[in-house]
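Following: one structure in structure tokens, then a few remarks.
These numbers come from a predicted model, not from an experiment.
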Amino acid sequence: MSDESTISVVPLTKDRWEDFKTLMGPKGGCGGCWCMLWRQTKTDFEKNTGDGNLNKMKTLVAGNALPGLLAYSEEQPIGWISVAPRENYVRLEKSRVLKPLDDQPGWSVSCFMIDKSYRRQGIAAVMLKVACDFVQEQGGIIIEGYPIAPKKDPYPAVYAWTGFESVFKRAGFSEVARRSETRPIMRKILKPA
């Protein structure tokens, strides 16, 4: 089991770009996504799959956007959590299941990527806690996530890139809507920084 004393979680910045690429691997995470799925329309995402998405993410990072956080064990990148203001995830706006609940400004955790050899060790929970702290430091009050609530266990980790409901519950998130049996919308209200 990992905890905050054994890993560090920091924003993805220009100087950590190569670590992000290493973690995502030659296929760019899940099939050339490069964590751009929610940041584009479906048409644009499909058009950019692979190198196009890689270049779009690199442009975000080069422009000093902070699109998420990297987790490290010593110097090795072992995890990624995408966290940004909800309006950065344009595809969520059109989602039947995950569309906005209200007009309140908020942040979203849209995905996780954890190195295979570090899965099932609590890394996602540590990253989610740090993501909440990060959002709070940025002045955010609301943070949402869209995890999987699997019907059977074990659920293949490769398909749980939005996280598991149990991890969000342990981090103090509450279910605020469920438009699909296995996809709750979880929300946490943060104290002002």
Requested in this report: For Arg183, check salt bridge (Lys or Arg N to Asp or Glu O under 4.0 Å) against everything at least two apart and list the hits.
Outcome: none

Report task. Start with the C-alpha distance between Ile142 and Arg187, add both sets of side-chain angles, then the distance that settles side chain to side chain contact (heavy atoms under 4.5 Å, CB included), and finish with yes or no. Result -> CA-CA 7 Å; Ile142 296 172; Arg187 185 178 271 187; 3.5 Å; yes

Query raised in the report: Hey, are the side chains of Tyr146 and Leu92 touching, using non-hydrogen atoms and a 4.5 Å cut-off?
Result: yes

Query raised in the report: Atom CZ of Phe164 and atom NZ of Lys169: how far apart are they, to the nearest 0.5 Å?
Result: 14.0 Å

Query raised in the report: Do Glu175 and Arg178 sit within salt-bridge range, that is, some charged N less than 4.0 Å from a carboxylate O?
Result: yes

Query - Min side-chain heavy-atom separation Ile114-Ile78 under 4.5 Å - result: no

Query raised in the report: Looking at side-chain heavy atoms only, is the closest gap between Ser108 and Tyr89 below 4.5 Å?
Result: yes

Query raised in the report: For Pro105, does its backbone N or O pair with a side-chain atom of Arg86 as donor and acceptor, under 3.5 Å?
Result: no

Query raised in the report: Taking Gln136 for the side chain and Lys191 for the main chain, is one N or O donor matched with an acceptor at less than 3.5 Å?
Result: yes

Query raised in the report: Do Met113 and Cys35 have side chains that get closer than 4.5 Å, going by heavy atoms?
Result: no

Report task. Please indicate whether Asp51 has more than 12 foreign heavy atoms, meaning atoms of other residues, nucleotides or ligands, lying under 6.0 Å from its CG. Result -> no

Query raised in the report: Under 30°, 30 to 60°, or over 60°: which ring-plane class applies to Phe112 and Phe168, parallel, tilted or perpendicular?
Result: perpendicular

Query raised in the report: If only atom types and distance count, is the side chain of Arg39 paired as donor or acceptor with the main-chain N or O of Pro67 below 3.5 Å?
Result: yes

Report task. Establish, from distance only, whether the side-chain atoms of Gln76 and Asp115 form a donor-acceptor pair under 3.5 Å. Result -> no

Query raised in the report: Please walk me through it: do Leu37 and Trp161 pass side chain to side chain contact (heavy atoms under 4.5 Å, CB included)?
Result: CA-CA 11 Å; Leu37 174 74; Trp161 47 272; 3.2 Å; yes

Query - Donor-acceptor pair, side chain of Lys188 and main chain of Cys132, under 3.5 angstrom - result: no

**Report entry** Check: Gln40 and Asn53 side chains under 4.5 Å, non-hydrogen atoms
**Finding:** yes

Query raised in the report: Heavy atoms, side chains only, cut-off 4.5 Å: are Asp44 and Lys47 in contact?
Result: yes

Report task. Search all heavy atoms of Met57 against all heavy atoms of Trp34 and return the closest pair with its distance. Result -> CE-O, 3.4 Å

Report task. Could you check Phe134 against Leu66 for side chain to side chain contact (heavy atoms under 4.5 Å, CB included), going step by step and ending with a plain yes or no? Result -> CA-CA 10 Å; Phe134 173 76; Leu66 299 174; 3.9 Å; yes

Which side-chain N or O atoms in residues 15-33 pair as donor and acceptor under 3.5 Å with protein atoms at least two apart or in another chain?
residue: Asp15; atom: OD1; partner: Thr13; partner atom: OG1; Å: 2.3
residue: Arg16; atom: NH1; partner: Pro11; partner atom: O; Å: 2.6
residue: Arg16; atom: NH1; partner: Thr13; partner atom: OG1; Å: 3.1
residue: Asp19; atom: OD2; partner: Tyr72; partner atom: OH; Å: 2.6
residue: Thr22; atom: OG1; partner: Glu18; partner atom: O; Å: 2.9

Query raised in the report: How long is the gap from CD1 on Ile185 to OG on Ser174, to the nearest 0.5 Å?
Result: 13.5 Å

**Report entry** For Ala149 against Pro184, the heavy-atom pair lying closest together
**Finding:** CB-CD, 3.9 Å

Query - Worked check of side chain to side chain contact (heavy atoms under 4.5 Å, CB included) between Val83 and Ile143 - result: CA-CA 9 Å; Val83 58; Ile143 184 169; 4.2 Å; yes

Query raised in the report: Do the side chains of Trp38 and Asn88 get nearer than 4.5 Å, heavy atoms only?
Result: no

Requested in this report: Examine Val97 and Val90 and state if one hydrophobic cluster contains both, with Ile, Leu, Val, Met, Phe, Trp and Tyr joined whenever side-chain heavy atoms are less than 4.5 Å apart.
Outcome: no

Query raised in the report: Minimum heavy-atom separation for Leu69 to Ala131, with atom names?
Result: CD1-CA, 3.6 Å

Query raised in the report: With Arg91, which residues qualify under side chain to side chain donor-acceptor pair (under 3.5 Å), at least two apart?
Result: none

Query raised in the report: Are Leu12 and Leu60 side-chain neighbours, meaning at least one heavy-atom pair lies under 4.5 Å?
Result: no

**Report entry** Atom pair CD/CG of Glu93 and Leu98 - distance to nearest 0.5 Å
**Finding:** 11.0 Å

Report task. Looking only at non-hydrogen atoms, find the nearest pair between Ala177 and Leu101 and report the distance. Result -> CB-CD2, 3.5 Å

